[in-house]
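It should be emphasised that the depicted structure is a prediction, and the values quoted were computed from it without experimental measurement.
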Amino acid sequence: MPIDVLMPALSPTMEKGNLAKWLKKEGDAIKSGDVIAEIETDKATMEVEAVDEGVLAKIVVPEGSADVPVNQLIALIAEEGEDVAGITAAAAATPAAPKSEAPATAPKADDVVLRGERPGATPGAVPSAPAPETGGQVGGQGGRIVASPLARRLAKQLGLDLADIAGSGPHGRIIERDVREAEKAGPKPKPAPAATPPAPAAAPAPVAASDESIRKMFEPGSYETVPHDGMRKTIARRLVEAKQTIPHFYLTVDCQLDALLALRGQINKAAPEKDGKPAYKISVNDMIIKALAMALQRVPEANATWTEGAMLRHKHSDVGVAVSIPGGLITPVVRKAEKKTLSVISNEMRDFAARAKNRKLKPEEYTGGSTAVSNLGMFGIKDFAAVINPPHATILAVGAGEQRVVVNDGAPAVATIMSVTLSTDHRAVDGALGAQLLDAFKQLIEAPMGMLV
């Protein structure tokens, strides 16, 4: 029985992807772990590895195809002893599945594995569905049973039904040991199918102006139509989700930067050289990331994520940082930022920014986290309020440092002032708690030596 290779979900928000390149051609032998294709999403380009062994019998979706829905069949792998020519002919005679505009379900985990993807729980990852009683049975197209070729042959010889055997291999795959144990245990009764509760009625969608009605507002020929790319669609969808589901609350405070700027200059001046260049160059933004991470440790109640069932209190400060890239932005996450030195944070952010522009970040590098920093100071923006990026409960909007007249000890003086605005999810971080967090942040910014000890 040929093995389906399906379009994988490379991130929690992915619904479609572009099949950029096939790295194997029809007729090539495939080993477990071989990279077979490159998939582009709105934010990254990822390599896809095969789990099963065999021969790439048929490429169903050619390279260069855009907007391929998650879970759509993209190729067939022939198992050992199967007729490759027969599979190819059968696939050619079967019409391709139509592309669905609706959000697709998660891919079959046994068909592909993403190179660089961490096993286990990844912050922001799509939760896996509970395993069914029939361990080898996998939902999706045809409910295919996933088993190794040896397990299939052995089950056939012993007269066992693979659907009654629970798999212990990768992603629930049935292997030889499972068949041997099923033989010892003997046949087991099949459970009665559970009644499926009726699906709740969907809430009516808000009515928006149609594209055509909007175009009619403008004179023909007075504008250019630029189609949305995947990143812009994802950003638009998540912004609407954030504003519709998160009750935003805003707090603003001014911070004096003079001590921080002086310390930054000293740290950079003392940087050792590596290959003829300074080993690091600390930015104001690096110090803001560190200050926010430490402030969350001082006010741990604010280091949280709201869920309907419970509040998630995070042990570490995983700080997302908005990075502008062509066509939109992405938010790589500095993990355990409270434990990292300024030089480590600086070099990590430099690496994130470079790979983000080439869309080479891995999903686990830009998902999860409990807060974020959005800095527009380099563009001369004085202050602004940022939109929270779910599942975060806060985001800090950072304005430009500028010289202003302040009062020190009853006398006017000139100081470098930076305005910052904290947006909070009021369900998780209310006004008083947000004020405590901002106060802790302000103390660290104005007395920055506290970030070095």
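One N or O on the side chain of T245 and one on the backbone of E241 form a donor-acceptor pair closer than 3.5 Å. Although no hydrogens or angles enter the test, the distance criterion places a donor-acceptor pair under 3.5 Å between the side chain of K290 and the main chain of K340. Remark: side-chain polar atoms of R238 are paired, donor with acceptor, to backbone N or O of P390 under 3.5 angstrom. Side-chain N or O atoms of D351 include none that pairs as donor or acceptor with a backbone N or O of E348 at under 3.5 Å. In terms of modelled atom types and a separation under 3.5 Å, the side chain of H248 and the main chain of I388 share a donor-acceptor contact. Distance alone, capped at 3.5 Å, is enough to place a donor-acceptor pair between the N18 side chain and the D67 backbone. Judged by distance alone, the side chain of D258 and the main-chain N or O of T416 form a donor-acceptor pair under 3.5 Å. Although no hydrogens or angles enter the test, the distance criterion places no donor-acceptor pair under 3.5 Å between the side chain of D4 and the main chain of L6. Without hydrogens or angle criteria, Q443 side chain to A440 main chain gives no donor-acceptor distance under 3.5 Å. Distance alone, capped at 3.5 Å, places no donor-acceptor pair between the S222 side chain and the F218 backbone.
The minimum heavy-atom distance between N375 and G377, with the atom names listed, is OD1-N, 2.8 Å. Shortest non-hydrogen contact noted between A242 and V387 is CB-CG1, 3.8 Å. Nearest heavy atoms, G328 versus I235: CA-CD1, 3.7 Å. Nearest heavy-atom pair across F441 and L396 is CZ-CD2, 3.6 Å. Listed here is the closest heavy atom pair of P448 and M287: CB-CE, 4.4 Å. Residues E63 and W22 come closest through the heavy atom pair OE1-N, 2.9 Å.
Counting non-hydrogen atoms of other residues, nucleotides and ligands closer than 6.0 Å to OH of Y223 gives a total above 12.
Counted by atom type alone, S370 and D318 present zero donor-acceptor pairs between their side chains at under 3.5 Å.
Here the side chains of V5 and I77 are in contact, with some heavy-atom distance below 4.5 Å. With a 4.5 Å cut-off on side-chain heavy atoms, P220 and R215 do not count as touching. No side-chain heavy atom of W306 sits less than 4.5 Å from a side-chain heavy atom of V429. Within the 4.5 Å cutoff, side-chain heavy atoms of D254 are placed close to those of I417. Residues V398 and V420 have side chains in contact (heavy-atom distance under 4.5 Å, counting atoms from C-beta outward). Using a 4.5 Å heavy-atom cutoff, the side chains of I445 and Q256 are not in contact. You'll find the side chain of V70 stays beyond 4.5 Å of the side chain of P8, heavy atoms only. Under the 4.5 Å side-chain criterion, counting only non-hydrogen atoms from C-beta, L292 is not in contact with E338.
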- Message: Pair N303, R313 - check side-chain hydrogen bond (donor to acceptor under 3.5 Å, both in side chains), show working.
- Response: CA-CA 6 Å; N303 194 21; R313 291 275 170 81; over 6 Å; no
- Task: Check the pair L433, V299 against side chain to side chain contact (heavy atoms under 4.5 Å, CB included), reporting the backbone distance first and the verdict last.
- Result: CA-CA 8 Å; L433 186 57; V299 189; 3.6 Å; yes
- Stepwise side chain to side chain contact (heavy atoms under 4.5 Å, CB included) check, L452 with L263: CA-CA 10 Å; L452 304 183; L263 179 61; 3.9 Å; yes
- Task: For E446 and K442, run salt bridge (charged side-chain N to carboxylate O under 4.0 Å, His left out): C-alpha distance rounded to whole Å, both residues' side-chain angles, the deciding distance at 0.1 Å, then the answer.
- Result: CA-CA 6 Å; E446 296 186 344; K442 178 182 171 75; 2.9 Å; yes
- Query: Stepwise, does the side-chain hydrogen bond (donor to acceptor under 3.5 Å, both in side chains) test hold for H314 with T305?
  - Reply: CA-CA 8 Å; H314 302 287; T305 293; 2.7 Å; yes
- Query: Under the side-chain hydrogen bond (donor to acceptor under 3.5 Å, both in side chains) criterion, do T421 and D383 qualify, and how do the steps go?
  - Reply: CA-CA 7 Å; T421 298; D383 61 74; 5.3 Å; no
- Item | Check against side-chain hydrogen bond (donor to acceptor under 3.5 Å, both in side chains), Q297 and S317 | CA-CA 7 Å; Q297 294 300 305; S317 300; 2.9 Å; yes
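For the atom pair CD1 (I30) and CG (L56), the distance works out to 5.0 Å, reported to the nearest 0.5 Å.
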Under 3.5 Å, sequence neighbours excluded: what are the donor-acceptor pairs made by side chains of residues 264-275?
| residue | atom | partner | partner atom | Å |
| --- | --- | --- | --- | --- |
| R264 | NE | I282 | O | 2.8 |
| N268 | OD1 | I282 | N | 2.7 |
| N268 | ND2 | I282 | O | 3.0 |

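We find that E365 and R355 are joined by a salt bridge, their nearest charged nitrogen and carboxylate oxygen being less than 4.0 Å apart. Under the 4.0 Å criterion applied to side-chain N and carboxylate O atoms, E402 and R404 are assigned as salt-bridge partners.
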